[in-house]
Q: 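I am attaching a structure below and will ask some questions about it afterwards.
Quick note: numbers below take in every heavy atom, side chains included, and nothing from hydrogens, waters or symmetry partners. Proteins come first, then strands; the chains are lettered A, B, ... in the order of their sequence lines, and each starts at number 1.
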Number of protein chains: 2
Amino acid sequence: MKKATLVDVAKEADVSAITVSRALRTPDMVSTALRQRVERAVAKTGYVPNKAASMLASSKTNSIVVLVPSLSNNVFDEVLRGIEEAARSANVTIQIGNTMYDPLREQQLLTSLLNPLPAGVILTGGEQNEASKRILQQAQTPVVQIMDLVKDPIHKVVGFSNYDGAVSALHHMLDAGYKRIGFIGAQMDPRAQDRLRGYRNALYDSGLQEPERTSVTNEKADVKLGGTLLTSLLTQHPDCDAVLCSNDDLALGVLFECQRRGLNVPRDVGICGFNDLGIVSEAVPRVTSVCTPRFEIGQCAVETVLDPHINTRAPVLDLGFKLHVRESTQP
Amino acid sequence: MKKATLVDVAKEADVSAITVSRALRTPDMVSTALRQRVERAVAKTGYVPNKAASMLASSKTNSIVVLVPSLSNNVFDEVLRGIEEAARSANVTIQIGNTMYDPLREQQLLTSLLNPLPAGVILTGGEQNEASKRILQQAQTPVVQIMDLVKDPIHKVVGFSNYDGAVSALHHMLDAGYKRIGFIGAQMDPRAQDRLRGYRNALYDSGLQEPERTSVTNEKADVKLGGTLLTSLLTQHPDCDAVLCSNDDLALGVLFECQRRGLNVPRDVGICGFNDLGIVSEAVPRVTSVCTPRFEIGQCAVETVLDPHINTRAPVLDLGFKLHVRESTQP
DNA sequence: GTGAAAGCGCTAACAG
DNA sequence: CTGTTAGCGCTTTCAC
C-alpha cells in the first residue's frame, strides 16, 4: 500500500487538494463542514504530510535550529530541556547542532542547517566568525543568541551577565573573610572571560588586585583539569585561601584535589563554582555556585524566536542569576 | 540577487542540469573535464543545493535519526560524539531526538522524524512500544539499537552486556573481600534491570543471595538520589559493606553520603559505579566502575547503519566492557 | 470559501 | 558518459 498523499485525501473527502492543505494548516479559512470531512478523510487514509514537498513549495520550515558548543557540558542540558519544552508546545521541531566550540564547524553547520530556511535560529554567545554572522544576517529568519549579554546582537539576546555573576560571587567570598582569592578557568570563551574580568575588577575595587592569583587555560574544562589547575595555582601562589572557578566541573576538581592534599574546605580553601549544576550541591562539603537560569533561557529563546512581534521586543533580555551560598565558602 | 539553482549552474557550465547533479553527487560518473567545469560554475554562482527539492525528488535523505533517552545523562555525550564523528566523515547529517525515557514521546519523534525517510535510525535499547516497532519495521530504512544486547533486534544491535558487566563488577567486589554487597538502582530501564539481574545471579552463584540488599526506584537517576537510596539501603540493611550502583551518578551520590555519615570508603563501604564517566575517576577516593565503550558504540552504529552490505552483518555486535578497579573497592 | 493552474528545485528512468 | 522527459507532493497565485 502506497503512502497517501494530499490528493488521495482530497478524493476521499470529495474536495480539492488545496482545500485539504488549507484545512490542515489554516483551519480558520475553511468551513466547519469541510474541515470535518477532511479530518475524517485524513484519519481514514492515514495521511502523513510530506515535509519535503511542503518545504519545497513554500520554502519554509517549522523547525528551529539550535547550536550549542558542547553536549558534554551539562550546562546545555537544561537549556535544551527548556527549548524542547517550549518548542513542543509551539508545535515546532528542533534541530540540534554541536559546534564543539569551533567557529568553523559552526559555520559549516549554519550553511547546512539554514537550508531550507528554519523558522528561527538559537545560538550560544556572540563568538561567531564573520562568515557565520554574514550568513545569519542575510538569512531571512530570526536569530537569538543566548547565555550571554552579547554587545552587538545579530537580532535578539536572552541571557545573563557573566561579569556580574563573578562580581557577586567575589563579593560574597570577600565578605566571608577570604583575602587571597584565586581564579581558575578553562575553555576561556567570551563568557568565561567575562567571569575573569568580573573577578579582576571586584578585586581591584577592594584594593586586593595584587598579586594576581589566576590559573587559566583554553583546554576543555572538566573535573580532572580542575585538579591540575589548582595544583599549578598553589605552586605559584601557596597563600591562596579561596578559588573562584569558571565552572562547576572545575570547582569539583578543585574540591577533590583539596581532599587529596588534605586541605580543609572551606577552612583552608574556599571554593565557588559557576552555573550550579545539581551535583555541586551534593558534594561534601556542598559547593557554593552562581546559579544561572538555563531552563528559562531555553524557553524564552524559543518564545522570542517565534514571536510574530519580535521586532518590538527589547534586543537584550537579562534573566539574571542567583548566588547559592553553601558550605564551601563559609569558613 | 536570487539564490542560484541547479539550472543556473548548468547554464554557467554549459551542460545540462542532470550533469551538474551527477557531478555533485556521484563525481565518478562524470568525466573529469566536465566535473571541473561544474565545480567552477558552482563556485562562481555560489550554488547551495536545495535539500527539500532533493528529498522530494529522490524520497531519500542523507541524514540519520538518533534517538536518545536523555541528554543530561552524560552516558550519551560520548555516544553522540562517536556518532557525530562517524557521521561527519561519512558526510551525512544527524538529527537528534530526546525521548526522555518516554515510549510515547519516542513514538511521536519517530512519526515525525521518519518523514522524509532518513538514511538510517539509531536508537537506544529495545524498549520501544509496539507502535514504534511497527513503524520501524515498515520504514524502509536500517535500524540499529545500541547500548544493550537486545534479544529480538529490529535489524541490528551494537552494544555490550549489561548483565555481564554487573557480574564482573560483583566478582571483583567479592574477591576484594566484601561479603554483604548491596545494589542501588534508579531509572530502571531494561539495561539497569540487566545489571540488577547480573548482581543477583552473581550473588546466587556465590551462595550469598540472602538477604537481598537492594534499594531500587524508577525515579531519574542523579547524584542526589544516590544519597537518598543509600540512606534507605542502610536503614534496612545496616550490615552492608559495599554497594554496586546502576550508574555513576548514583555511585557519586553514595560516596558523598558516606562522607556525610563518616563512613570510610573503601574500608567501611566499598563502591562500584557503572559506565565510568570521567568524573568518578577523579573523586576522592577514586571510584571503581564498569567502563563501557560508548564512543565506539556511536561510531560503530553509524558505520552499521550506512553499510551497503548491512544484511550480511551479524545481527548483534558485542563491543564488551572493561572493569576499572580503583580505590573505592580496595579495602 | 473554494478551486484550477503553475510551479518550487531536484532526480529517476530511460535514450542516445 | 551525457541529455531528455517527467514527475516527486505540496503551496502559491489568481480566479470564481
Side-chain angles (χ1 to χ4, degrees), chain A residues 1-39 41-42 45-63 93 111-112 114-119 140, chain B residues 1-39 41-42 45-63 93 112 114-119 140-141:
Chain A
M1 191 185 77
K2 276 197 58 195
K3 263 178 61 173
T5 73
L6 209 52
V7 174
D8 300 325
V9 179
K11 277 190 198 137
E12 182 67 36
D14 199 32
V15 293
S16 73
I18 183 61
T19 301
V20 177
S21 172
R22 281 198 275 249
L24 264 32
R25 286 176 305 142
T26 51
D28 303 337
M29 292 179 60
V30 164
S31 67
T32 316
L34 272 196
R35 186 170 50 226
Q36 290 176 346
R37 279 232 304 278
V38 168
E39 275 163 12
V42 166
T45 54
Y47 169 72
V48 179
N50 180 318
K51 269 179 213 146
S54 160
M55 285 182 205
L56 177 57
S58 67
S59 55
K60 269 181 217 155
T61 349
N62 75 145
S63 94
T93 64
T111 313
S112 134
L114 254 51
N115 164 25
L117 200 66
Q140 296 295 310
Chain B
M1 188 186 77
K2 273 198 61 194
K3 262 176 61 171
T5 73
L6 208 53
V7 174
D8 299 325
V9 179
K11 277 190 198 134
E12 182 68 35
D14 200 30
V15 293
S16 72
I18 186 67
T19 301
V20 177
S21 172
R22 282 199 273 251
L24 264 29
R25 285 177 305 144
T26 51
D28 303 336
M29 293 179 60
V30 165
S31 68
T32 315
L34 273 195
R35 186 170 49 227
Q36 290 175 347
R37 279 233 304 279
V38 168
E39 275 163 11
V42 166
T45 54
Y47 169 72
V48 178
N50 180 320
K51 268 180 215 147
S54 163
M55 284 182 205
L56 178 56
S58 66
S59 55
K60 268 182 218 155
T61 346
N62 77 142
S63 95
T93 63
S112 134
L114 255 49
N115 165 23
L117 201 65
Q140 297 295 311
T141 193

Q: So, taking the atom named CG in Asn115(B) and the one named CE in Met55(B), what distance separates them when rounded to the nearest 0.5 Å?
A: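 If we round to the nearest 0.5 Å, Asn115(B):CG and Met55(B):CE are 10.0 Å apart.
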Q: Which atom pairs link the protein and nucleotides 12-16 of chain D when you take only N or O atoms and keep those under 3.5 Å?
A:
from    : atom 1 : to       : atom 2 : distance (Å)
dT12(D) : OP2    : Arg25(A) : NH1    : 3.2

Q: Could you list by number each residue of residues 47-54 of chain B showing a heavy-atom separation from DNA chain C of less than 4.0 Å, or answer none if no residue does?
A: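 Going residue by residue through residues 47-54 of chain B, the ones with a heavy atom under 4.0 Å of DNA chain C turn out to be Tyr47(B), Pro49(B), Asn50(B), Ala53(B), Ser54(B).
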Q: Can you check the Asp28(B) CG to dC1(D) C1' distance for me, whole Å?
A: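 Going from Asp28(B) (CG) to dC1(D) (C1'), I get 13 Å.
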Q: Does Thr5(B) have a side-chain nitrogen or oxygen under 4.0 Å from the phosphate oxygens OP1 or OP2 of dC8(C)?
A: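 Looking at the OP1 and OP2 atoms of dC8(C), neither is under 4.0 Å from any side-chain N or O of Thr5(B).
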Q: Under 3.5 Å, sequence neighbours excluded: what are the donor-acceptor pairs made by side chains of residues 15-24 of chain A?
A:
from     : atom 1 : to       : atom 2 : distance (Å)
Ser16(A) : OG     : Thr19(A) : OG1    : 3.1
Ser21(A) : OG     : Arg25(A) : NE     : 3.2
Ser21(A) : OG     : Arg25(A) : NH2    : 2.9

Q: Is the backbone N or O of Leu117(B) less than 3.5 Å from a side-chain atom of Thr61(B), with the two atoms forming a donor-acceptor pair by type?
A: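 Between the backbone of Leu117(B) and the side chain of Thr61(B) there is a qualifying donor-acceptor contact (under 3.5 Å).
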Q: Is the distance from OP1 or OP2 of dG3(C) to the nearest side-chain N or O of Thr19(A) less than 4.0 Å?
A: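 For dG3(C), OP1 or OP2 has a side-chain N or O of Thr19(A) closer than 4.0 Å.
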Q: Any donor-acceptor pair under 3.5 Å linking the side chain of Lys51(A) with the backbone of Ser112(B)?
A: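 Yes, because the side chain of Lys51(A) sits within donor-acceptor range (under 3.5 Å) of the backbone of Ser112(B).
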Q: Between dC10(C) atom P and Leu56(A) atom CG, what is the distance in whole Å?
A: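 Interatomic distance, CG of Leu56(A) to P of dC10(C): 9 Å.
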Q: List the residues meeting side-chain contact (heavy atoms from CB on, under 4.5 Å) with Ala41(B), not counting sequence neighbours, and say none if there are none.
A: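 In terms of side-chain contact (heavy atoms from CB on, under 4.5 Å), with neighbours along the sequence ignored, Ala41(B) is linked to Val9(B), Glu12(B), Ala13(B).
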Q: For the helix from dG1(C)-dC16(D) to dG16(C)-dC1(D), what is the angle between the axes at its two ends, each from 5 pairs, rounded to 10°?
A: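 Answer for the end axes of this duplex: 20°.
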Q: Would you mind reading off the distance between Met55(B) atom CE and dT11(C) atom C1', rounded to a whole angstrom?
A: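 In whole Å, dT11(C) C1' lies 14 Å from Met55(B) CE.
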Q: Tell me, with the steps shown, if Leu56(A) and Asn50(B) meet side chain to side chain contact (heavy atoms under 4.5 Å, CB included).
A: CA-CA 8 Å; Leu56(A) 177 57; Asn50(B) 180 320; 4.3 Å; yes
Q: List the residues meeting side-chain contact (heavy atoms from CB on, under 4.5 Å) with Ser54(A), not counting sequence neighbours, and say none if there are none.
A: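 Residues passing side-chain contact (heavy atoms from CB on, under 4.5 Å) with Ser54(A): Ser58(A).
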